[in-house]
Every structure is written in C-alpha cells, then in structure tokens.
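Right, one structure below, let's go through it.
This structure is a prediction, so every number in the text was calculated from the model and none was measured. Position 1 is the first residue of the sequence, and the numbers go up from there.
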Amino acid sequence: MRQLVAVTWASGAIFGAYILAFFGGTAVNGTAARWNESLPALHDAGAPVATAAIGAHFIAGGILLLLGPIQLMGGVRRAVPGLHRWLGRLYVMCAGFAGLGGLAYGLTTGTLGGTMMNLGFGTYGALMSLAAVLAYAHARARRYDQHRAWAIRLFALTVGSWLYRIEYGFWFLTMGRLGHTSHFTGWFDAVMVFFFYVPNLAVAELAIRSYRAQSNNGSLANGSRADGPLAYAATVVLLATAAFVIVATCSFTADYWWPGIVAGITGASL
C-alpha cells in the first residue's frame, strides 16, 4: 500500500508541477494564449472572465495535488499540528478556487465536449466546492471525525484531474481512439466525464467506513491480520497498480509534462 501511495503522490506532484509551470508560467510571461497548445480552445482573449476562471482552476488544482498527501499524513498532523491547520486553510481555499473556477468557466463558455461534459465537469466542481466548505466547517467546529471524512472525500476529488489524464493515456495505449473523438463527444468521452471522480468517491467512502469500524471496535488492537489468499491477491493488485502508475507517469512525463514544464519556464515550444 505504501508503494502505491508513494508513486501516486510522485506522479501527482509531477503533474501539479506541470500545471503550475506551464499554465502559471505562460500567464506570468504574458503568453497565456499558449494554453491552447495543451488544450484546444482553452484560452480566449475575448472572454477574460472565462480565461481568469479556468486559470484559477488550473493553478489552484496544481497546488492541491502537491499539498493533498501532506494533509493526510497522520505523523505530520500529530507532530506539527499548526502546519496542518495552516496548510489545511490553503488547501480548502485552493479547492474552492478550483471548483468555482471550473464552474464559472463551464457556465460562461461551456466545455469542448458539450452537454455531457458540462454536466460531468459541473457536478465535479460543485462537489469539490461542497467538500471544501464542509471539511473546513467541521474542523472549525472541532468535529474531527466528520472533518477527516470530508477531507478524505475532498482529496479523492482533487486527484481526479490527474486520474483523468492517466486513465485517458491508459485507454489510448490499450484501445487506441475507440470511443473518442477530437471534440470529446464519443461514448468513451461521455463515460470519462464521470468516471474520473465517481469511483474515487466510492473508494473514499469505503476507506471512511473502514476507519470508523476499526476505531469503534478496536479490531486492529488485537494484532489480527488478514492473511491468506485474499491478502496475497490484494498485494498483487496493489503492486500491479503501482507498476501501472509508474509506467503511465514515465510516459506522460516524457511526452507531455516535462516538455510543458520546460516550455512554461523558458518559453520553449512544446
């Protein structure tokens, strides 16, 4: 499990660095029109509100990917609670900007994929904003169990932008362009506008319920372990998933993320 968490964090951090370097760097350099080199029709000089909204969405999302795993580390929370609180405030603020920025962009210009993408991405932005508000509200009220639950849900949502790219990359690698069109209106595109975050929330709910069950009955206190074929199968699945993330990350970094980081910092072409 630790191996999967480590490689996922590393992959998400590289993707977050790419977002901050390319989208943030080109904006600072006055060349935000280059956003369209990464995603078609993203930047529109004639729609400054939409451009500012999507810019806030991307920059805040990059910060979220870098901070999220730190906030979930129990050792950090216990050793440096002040750092956890201040990073938490920044995390919630960025989640709000990312969610509302994406919603504002969708409402003002619509998405490339039309109605289905508007619905999927709009729901995603609304859920992220809601999770950010509730995570903060429960922390302020010292309802730490509810705060932890909503923080886990928020993290599950924030990694969605990273998973969206990883899952598309895996599909293209194994299935080619089946179900995909250049305007993201294929059947696979319609599935993906929900698939990049709905399964994450399901896994988050399982993690929350498992944690609460263990806390309530102390099932781990007696040293019991899940041995046998099921445990070995779970280990194989986790290791295979970690290997997949490593391969996908290396591919995306070489082909897209690293060139984007260099382009954002130096102005080089993609």
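Here the CG-CG distance, from Leu67 to Leu87, works out to 5.5 Å after rounding to the nearest 0.5 Å. Taking CZ from Phe196 and CE from Met192, the interatomic distance works out to 7.5 Å, rounded to the nearest 0.5 Å. Rounding to the nearest 0.5 Å places CD1 of Ile19 at 12.5 Å from CD1 of Ile14. In this structure, the separation between CG on Asp189 and CE on Met116 is 10.5 Å, given to the nearest 0.5 Å. Atom CG of Asn118 is separated from atom OG1 of Thr123 by 10.0 Å, given to the nearest 0.5 angstrom. Going from atom SG of Cys94 over to atom CG of Leu65 covers 10.5 Å, rounded to the nearest 0.5 Å.
Transitive grouping of hydrophobic side chains (ILVMFWY, heavy atoms separated by less than 4.5 Å) brings Leu64 and Leu90 into a common cluster. Transitive grouping of hydrophobic side chains (ILVMFWY, heavy atoms separated by less than 4.5 Å) brings Ile261 and Ile59 into a common cluster. Under a hydrophobic clustering in which Ile, Leu, Val, Met, Phe, Trp and Tyr are joined whenever their side-chain heavy atoms come within less than 4.5 Å, directly or via other members, Leu178 and Val191 fall into the same cluster. By the criterion of side-chain heavy atoms lying less than 4.5 angstrom apart, applied directly or through intervening Ile, Leu, Val, Met, Phe, Trp or Tyr residues, Phe172 is grouped together with Leu163 in one hydrophobic cluster. When the side chains of ILVMFWY residues are joined at heavy-atom separations under 4.5 Å, either directly or via intervening members, Val92 and Trp150 end up in two distinct hydrophobic clusters.
Taking 4.5 Å as the limit, every side-chain heavy atom of Asp44 sits out of range of all side-chain heavy atoms of Asn36. Here the side chains of Leu66 and Leu20 are in contact, with some heavy-atom distance below 4.5 Å.
Applying the salt bridge (Lys or Arg N to Asp or Glu O under 4.0 Å) test to Arg165 and every residue at least two apart in sequence or in another chain returns nothing.
Taking every heavy atom of both residues into account, Ile208 and Ala149 meet most closely at CD1-O, 3.4 Å. In this structure, Ala32 and Ala27 approach most closely via the heavy-atom pair CB-CA, 4.2 Å. Closest of all the heavy-atom pairs between Ser38 and Tyr18 is OG-OH, 2.8 Å. Taking every heavy atom of both residues into account, Ala135 and Ala151 meet most closely at CB-N, 4.1 Å.
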Stepwise, does the side-chain contact (heavy atoms from CB on, under 4.5 Å) test hold for Leu154 with Met128? CA-CA 6 Å; Leu154 179 57; Met128 184 180 292; 3.9 Å; yes

In sequence, state the C-alpha distance, the side-chain angles, and the governing distance for Tyr91 and Arg89, and then conclude on side chain to side chain donor-acceptor pair (under 3.5 Å). CA-CA 5 Å; Tyr91 189 77; Arg89 294 184 180 100; over 6 Å; no

Between Ser11 and Ile246, is a side-chain contact (heavy atoms from CB on, under 4.5 Å) present by the stated rule, with each step listed? CA-CA 8 Å; Ser11 181; Ile246 291 172; over 6 Å; no

Begin from the C-alpha positions of Val7 and Thr249 and carry the test side-chain contact (heavy atoms from CB on, under 4.5 Å) through to its verdict. CA-CA 9 Å; Val7 298; Thr249 299; over 6 Å; no

Assess whether side-chain contact (heavy atoms from CB on, under 4.5 Å) is satisfied between Arg153 and Glu205, documenting all intermediate values. CA-CA 8 Å; Arg153 294 179 184 117; Glu205 290 305 314; 2.5 Å; yes

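Annotation for Trp187: atom CH2 counts as buried by contact number, over 12 foreign heavy atoms lying within 6.0 Å. Atom CH2 of Trp258 is surrounded by 12 or fewer heavy atoms from other residues, nucleotides or ligands within 6.0 Å. Around the CZ atom of Phe15, the shell of radius 6.0 Å holds more than 12 heavy atoms that belong to other residues, nucleotides or ligands.
At least one donor-acceptor pair closer than 3.5 Å links the side chain of Thr181 to the backbone N or O of Phe184. In this structure, the side chain of Trp35 engages the main chain of Phe23 through a donor-acceptor pair within 3.5 Å. The closest donor-acceptor contact from the side chain of Asn29 to the backbone of Thr26 lies at 3.5 Å or more, if one exists at all. Of the possible donor and acceptor atoms, one in the side chain of Thr108 sits under 3.5 Å from a partner among the backbone N and O of Ala104. Judged by distance alone, with hydrogens and angles left aside, the side-chain atoms of His57 form a donor-acceptor pair with the main-chain N or O of Ala98 at under 3.5 Å. Using modelled atom types, no side-chain atom of Tyr124 and backbone atom of Val193 make a donor-acceptor pair closer than 3.5 Å. Put simply, the side chain of Thr253 never gets that close to the backbone of Trp257: no donor and acceptor are under 3.5 Å apart. Looking only at distances, no side-chain donor or acceptor of Asn200 sits under 3.5 Å from a matching main-chain atom of Leu157. Remark: the backbone N or O of Phe155 is paired with a side-chain donor or acceptor of Thr158 at under 3.5 angstrom.
Among Thr51, Leu100, Val49, Ile54, the one residue that satisfies the side chain to side chain contact (heavy atoms under 4.5 Å, CB included) test with Tyr105 is Ile54. Looking at His147, Gln146, Arg143 one by one, the single match for side chain to side chain donor-acceptor pair (under 3.5 Å) with His138 turns out to be Arg143. The one candidate from Phe170, Phe194, Phe121, Tyr197 that meets the ring-ring contact (aromatic ring centres under 6.0 Å, His included) condition with Tyr164 is Phe121.
Between Phe188 and Tyr168, the angle of the ring planes goes over 60°, which puts this pair in the perpendicular group of the 30/60° scheme. Taking the six-membered ring for Trp and thresholds of 30 and 60 degrees, Phe252 and Tyr256 have ring planes inclined between 30 and 60 degrees apart.
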